[in-house]
Amino acid sequence: MLQKIGVLHIEINKDFRSETVDALERNKGKILKAVEIIETYAGSRTGIPTITEAPVQETVDQVLNLRYRIEANILQKENLLKEKLQRIPWDDLDLSKIQRLTQRGLQVKLCIASKKEYEAFDFGTLIHQAVQTTANQVYFAVIGQADIPIPFESVKVPERTLTELLEAEESLQNENENIQEELAAYAGHLPKLKAEIINIENELAFALAQGSYQAHHQGVIMSLSGWFPEAMENDLITYLKTEKLTYAIERPRPGDDVPVKLQNSKYSKLFEPITKVFELPNYYEWDPTPLIAVFYPIMFAYCLGDAGYGLIFFLVSLLGWFSFLKNTRSLAFLGMILGLVTTVMGLIKSGSVFGIPTNSQDWELFQGLGKYVLIPDDRDFIFNAFNVALMIGVVQIFMGIFVSIYNKFTYEHWIKAISQIGKLFIVSGVIWIFLADMQEMAALQQFGYLRQILLVSGVVMVLFFHDMEQAMPVRAASGILPLFFIFTGILGDILSYVRLFALGVASSVLGLVVNQIGMQIMENSWWGAIIGVIFLLFGHTLNFCIAVLGSFVHPLRLTFVEFYNNAQFKGGGKEYRPFRKQPIEL
């Protein structure tokens, strides 16, 4: 009944084991291995897929046996290689002739010596014959009627000739290729095997749920615990009453390990994979995904920083929507959003299209775009690219502090929020003092006493409220350390956002350099034009890939370090996974 409703996240007993569970896990592992093997060869082979009515277990055993044969053949090839290395110096020397000599009472030794030693040694009455001579060594045979007392290394030569070894190696190679074609032909069985995996996972979930019952009063009463969304309460109660089951419903208590189900708008939901890259928030803190949905596209676009590259990113994501990302279209849509934001950012920040400045007099096509530049590289303009990168950092850090204050008020106690409010006052006061007194911004120089009040009150609030579990004198003394981290962290956190500016500049400059070199190559001749076009395509592709990688990684770093640190993000949330049957699609 619970599996049919599919809303209860059951508290699984992690220590529970049974023969049924072990057997299901072993069977699932075998099928997963078989699927991996088939997919490995199906993508690179031309075998015609076959579909039969054979049972799943029989198909799995056949696939695993074929893979075992490949591995056995690979091991044989490795042994053949060792034999070949031993046999190559002796070429096709017929060892059967040596055996016939031995049968007639003669002694035969196959030896290796340095060329100098071989030529200097006196063999006397011994018959000796060089089989192979290299630059430094001689491989030779020595024949005598009794023991052969010579000071040279004696070796054992493989019985099969070099030709026979090569033929055996080729035979194993052909056999492996035939087996791989046969494995590729099992591609038609993949839907059935994947459906069986889902079926086993359903059985496994059921078995684990059964094993999670707790016994009370010597097993007379059995209970099962789990979590469900509050919106589903009425439906669940209806089913429980229908089944005439005794139940108790309680709200989560502090310290409970409550599963998390993120609830975001359609737009913010696109950024949930980014949130999950680090860790899910726990039940007792605010989900940062909506803020990530605001800041991440801006920081990504600021790093990539070129309208042309943004357009390419959008087109690749659009192509993925209809092809390689059609099963995960939310990622394709996220890529399109990042591409569009980058295209806009590339026009308004510095103005760059494939490394070509929009204010360039050499490109009439882009000259009209120069008027859209709102964030220039001009140092004399306050909202230049460098300063705006720092401003983005300041805003995100402030939002992080606001989140921490909200979490303290909502999930803990208002008194615990006081120290975070003090941190907000300190950061505000320090930035205000820096801009007004050090940068001499006239608009911020008024109300000088107010910024000093903010700074002093913030210090007092952190000193006396940072840890309410300590006594007042101890708390005031230990408050020096959090104050130290706040003051030193302000500068480090804000300056970390300079990487947004640096990556954007690097991407644009590299694009510009690629254009200059490509144009110089194209000036020579018609074949220079061809080489120049190839260089431009290669150079911009390489720059695009490097820029996209940096634009993906560094905003993550700023989010998970600077923003999460100021938001006092705890994480550790476990995903809400309701106990339900997974649908099986063939």
Min side-chain heavy-atom separation [X]-[Y] under 4.5 Å:
X: Val388; Y: Lys349; value: no
X: Val258; Y: Trp227; value: yes
X: Ser478; Y: His466; value: yes
X: Tyr372; Y: Thr358; value: no
X: Phe228; Y: Ile249; value: yes
X: Met522; Y: Phe535; value: no
X: Trp286; Y: Phe569; value: no
X: Leu224; Y: Ser212; value: yes

When you look at Ile337 and Tyr296, which way does the side chain to side chain contact (heavy atoms under 4.5 Å, CB included) test go after all the steps?
CA-CA 11 Å; Ile337 290 174; Tyr296 189 83; over 6 Å; no

Is the backbone N or O of [Y] less than 3.5 Å from a side-chain atom of [X], with the two atoms forming a donor-acceptor pair by type?
X: Asn202; Y: Gln582; value: yes
X: Asn384; Y: Pro376; value: no
X: Arg451; Y: Gly429; value: no
X: Tyr576; Y: Val7; value: yes
X: Asp235; Y: Met232; value: no
X: Ser457; Y: Leu454; value: yes
X: Ser507; Y: Leu304; value: yes
X: Tyr302; Y: Ala385; value: yes

Between Lys574 and Glu11, does at least one N-O distance fall below 4.0 Å, as a salt bridge requires?
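Salt bridge between Lys574 and Glu11, a charged N being under 4.0 Å from a carboxylate O: yes.
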
Is it possible for you to check whether Lys570 lies under 6.0 Å from the centre of the six-membered ring of Tyr284, through NZ or CZ, and within 45° of that ring's axis?
no

Quick one: pull up [atom1] in [X] and [atom2] in [Y] and give me the separation to the nearest 0.5 Å.
X: Thr488; Y: Asp493; atom1: OG1; atom2: CG; value: 8.5 Å
X: Tyr497; Y: Met299; atom1: OH; atom2: CE; value: 6.0 Å
X: Ile426; Y: Ile486; atom1: CD1; atom2: CD1; value: 4.5 Å
X: Gln3; Y: Leu8; atom1: CD; atom2: CG; value: 11.5 Å
X: Leu347; Y: Ile375; atom1: CG; atom2: CD1; value: 11.5 Å
X: Leu319; Y: Phe314; atom1: CG; atom2: CZ; value: 11.5 Å

If you take all heavy atoms of [X] and [Y], which pair is closest and at what distance?
X: Asp377; Y: Ser350; result: OD1-OG, 2.8 Å
X: Glu575; Y: His9; result: O-CE1, 3.4 Å
X: Val514; Y: Leu536; result: O-CD2, 3.5 Å
X: Ser317; Y: Ala332; result: CB-O, 3.5 Å
X: Ser404; Y: Gln420; result: OG-OE1, 2.8 Å
X: Ala207; Y: Leu24; result: CB-CD1, 4.5 Å

Do other residues, nucleotides or ligands put more than 12 heavy atoms under 6.0 Å from [X] [atom1]?
X: Phe538; atom1: CZ; result: no
X: Lys269; atom1: NZ; result: yes
X: Arg557; atom1: CZ; result: yes
X: Phe206; atom1: CZ; result: no
X: Phe381; atom1: CZ; result: yes
X: Glu25; atom1: CD; result: yes
X: Phe487; atom1: CZ; result: yes

Among Tyr309, Phe295, Phe313, find the one that has a ring pair (Phe, Tyr, Trp, His ring centres under 6.0 Å) with Phe300.
Phe313

Let me know which of Asn407, Ile401, Val403 forms a side chain to side chain contact (heavy atoms under 4.5 Å, CB included) with Ile405.
Ile401

Enumerate, atom names and distances included, each donor-acceptor pair closer than 3.5 Å involving a side-chain atom of residues 270-281, sequence neighbours excluded.
unit_1, atom_1, unit_2, atom_2, d
Glu272, OE2, Asn264, ND2, 2.8
Thr275, OG1, Thr289, OG1, 2.8
Glu279, OE1, Gly572, N, 3.1

Start with the C-alpha gap between Ile312 and Phe354, add the side-chain angles, then the distance that decides, and say whether side chain to side chain contact (heavy atoms under 4.5 Å, CB included) holds.
CA-CA 10 Å; Ile312 294 297; Phe354 295 114; 3.8 Å; yes

Can you find a side-chain donor-acceptor pair between [X] and [Y] that sits under 3.5 Å?
X: Asp256; Y: Tyr283; value: no
X: Asp306; Y: Ser352; value: yes
X: Gln396; Y: Glu562; value: no

Just jot down the ring pair (Phe, Tyr, Trp, His ring centres under 6.0 Å) partners of Phe501, sequence neighbours excluded, or say none.
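Partners of Phe501 under the ring pair (Phe, Tyr, Trp, His ring centres under 6.0 Å) test: Phe386.
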
Could you please spell out the steps behind the side chain to side chain contact (heavy atoms under 4.5 Å, CB included) verdict for Asn565 and Val561?
CA-CA 6 Å; Asn565 178 55; Val561 178; 5.5 Å; no

Run the numbers on Ile198 and Lys194 for side chain to side chain contact (heavy atoms under 4.5 Å, CB included), then give the verdict.
CA-CA 6 Å; Ile198 295 175; Lys194 291 180 179 180; 5.8 Å; no

